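Side chains are part of it too, since the values below use all heavy atoms of this structure and drop only hydrogens, waters and symmetry mates. The model shown is predicted, which means the values in this text are computed figures rather than measured ones.
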Amino acid sequence: MLNTTKVILISKAHLPYDKIASWTNMYNYLLEKKDHNFDYIITKNGGKEADNLVYKYLREVNIVDKVKSKFYGKSKAYNNYIEALDSIIEEGIQYVIHIVDHSGIVIPIDNHLRKKYHRKNFFIQYYYHGFSPLFNKFNGQKFLKAINEMFFLTTDSYFQYLSYYEECSFKARVLNNATDSERFKRVSEEEKSRLRKNNNLDKDEIIYLWCSQDREKKGLHIVLEAFKKVHIINKKTKLIVVGLDRDINQKGVIPVGRIPNNELPMYYQMSDIYLFPSLWKEGFGIVLAEALKCGCYCIASAQGGIPEVLGGGKYGVLINKPNMIDEWVNEMNEAIKILKNNNVNPYLSEIPEKLYDLDLWSDKIKHFISEAKSSFN
């Protein structure tokens, strides 16, 4: 009789991860600061290890794997995952396998479990960090039938799956991205003024902020063109640009380059208006959540999961035509009028204190895994 259940975490990135990324930051927090319920982790070698977790490192993909992948299908490229999994699995134990945003390994793992073990002794959770369906309808059915449970970042993403696939028999959850409420939080006007003074910014200026990776789909070119028009009319404005490794020669624009994650809250806290001009279907947009929690007046494109992050417009402004410069100019100018007339962001009263809170996210992950473990009974 099987009466023991273990939990295996599978991650492409080594955890704890030492660089900036949304979901890795969350799992870093979970593994290092919370009472998690993972027993093993299958991941790449490198970096420090979390306590109370057995690491099974993936061997490097070799020429044999590549040849097999070419002639026998891409699934053979994941033999190192299968080998790591086999090194963990013991007779008489049931397993919850928690896979984070690595869709390619799901079908090979499911096939392997069905061939070598009793599939009913395994419960596969998949945490998807995108928005639109991952596969075409034919391959998607194979993927969806290989998992027991899927976590979505937003309800809208879940509905995308229901409308796209004819059959969705997996169990579903919605689990938003989250951030540390002790770091990303509002500060007093006095502290805001102090931060600005330390960074050579006038306390009476309207400060816009853009923070992302320097990729075209992140929409910086849209914001720069819009800000040029805003700045002509409103001289006492600045645009801080975080995340670039290049100069921007434009009046009122302050590029600060890439900065460590622990310095990010300061930029949100001394800014008035956060701009999120994404031109693709974002899964969630953790930087938008960080800006919200720090009290910024947020203006964002209505793409992918973004509307849900802003509560459908309850927490900030959504732009339905994000490629149109004048849409941004109008909302950026309107934000100045609102902030000057109210002396406060009018959306703040609508934002729950623990919105997108990392401790709550950690508790939910633990609870969902515990429920998966109990499902064997």
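- For Glu263, the CD atom counts as densely surrounded, since its 6.0 Å shell holds more than 12 non-hydrogen atoms of other residues, nucleotides or ligands.
- Here the options are Phe368, Tyr126, Tyr128, the test is ring pair (Phe, Tyr, Trp, His ring centres under 6.0 Å), and the partner is Phe151; only Phe368 passes.
- Residues Cys168 and Leu144 share a closest heavy-atom pair of SG-CD1, 4.2 Å.
- Using a 3.5 Å distance cut-off with no hydrogens or angles, the side chains of Asn345 and Arg186 do not pair a donor with an acceptor.
- Using cut-offs of 30° and 60° for the angle between ring planes, the Tyr55 and His14 rings count as parallel.
- Taking the ring centroids of His102 and Tyr78, they lie under the 6.0 Å cut-off.
- With no hydrogens or angles considered, a side-chain donor-acceptor pair links Lys293 and Ser181 at under 3.5 Å.
- Atom NZ of Lys34 sits in a crowded spot, with more than 12 heavy atoms from other residues, nucleotides or ligands closer than 6.0 Å.
- Among Arg196, Lys238, Lys340, the single residue meeting the salt bridge (Lys or Arg N to Asp or Glu O under 4.0 Å) criterion with Asp272 is Arg196.
- The environment of Phe170 atom CZ is dense: over 12 non-hydrogen atoms of other residues, nucleotides or ligands sit within 6.0 angstrom.
- Checked against the 6.0 Å centroid criterion, the rings of Tyr356 and Phe284 qualify as a close aromatic pair.
- When side chains are defined from C-beta on, Lys281 does not count as touching Ile306, because their heavy atoms never get closer than 4.5 Å.
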ring-ring contact (aromatic ring centres under 6.0 Å, His included) between Trp23 and Tyr17, worked out: CA-CA 10 Å; Trp23 69 260; Tyr17 188 62; 7.7 Å; no

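- Under the 30°/60° scheme for interplanar angles, the aromatic rings of Tyr161 and Tyr165 are found to be tilted.
- The aromatic rings of Phe143 and Phe135 lie tilted to each other, with the angle between the two planes from 30° to 60°.
- Taking the six-membered ring for Trp and thresholds of 30 and 60 degrees, Phe38 and His36 have ring planes inclined between 30 and 60 degrees apart.
- Checked against the 6.0 Å centroid threshold, Tyr274 and Tyr297 do not count as a close aromatic pair.
- Taking each heavy atom of Phe123 and Glu149 in turn, the nearest pair found is CE2-OE1, 3.4 Å.
- Here Glu167 pairs with Lys145 in a salt bridge; the nearest charged N to carboxylate O distance falls below 4.0 Å.
- Using a 4.5 Å heavy-atom threshold, the side chains of Ile338 and Pro346 count as touching.
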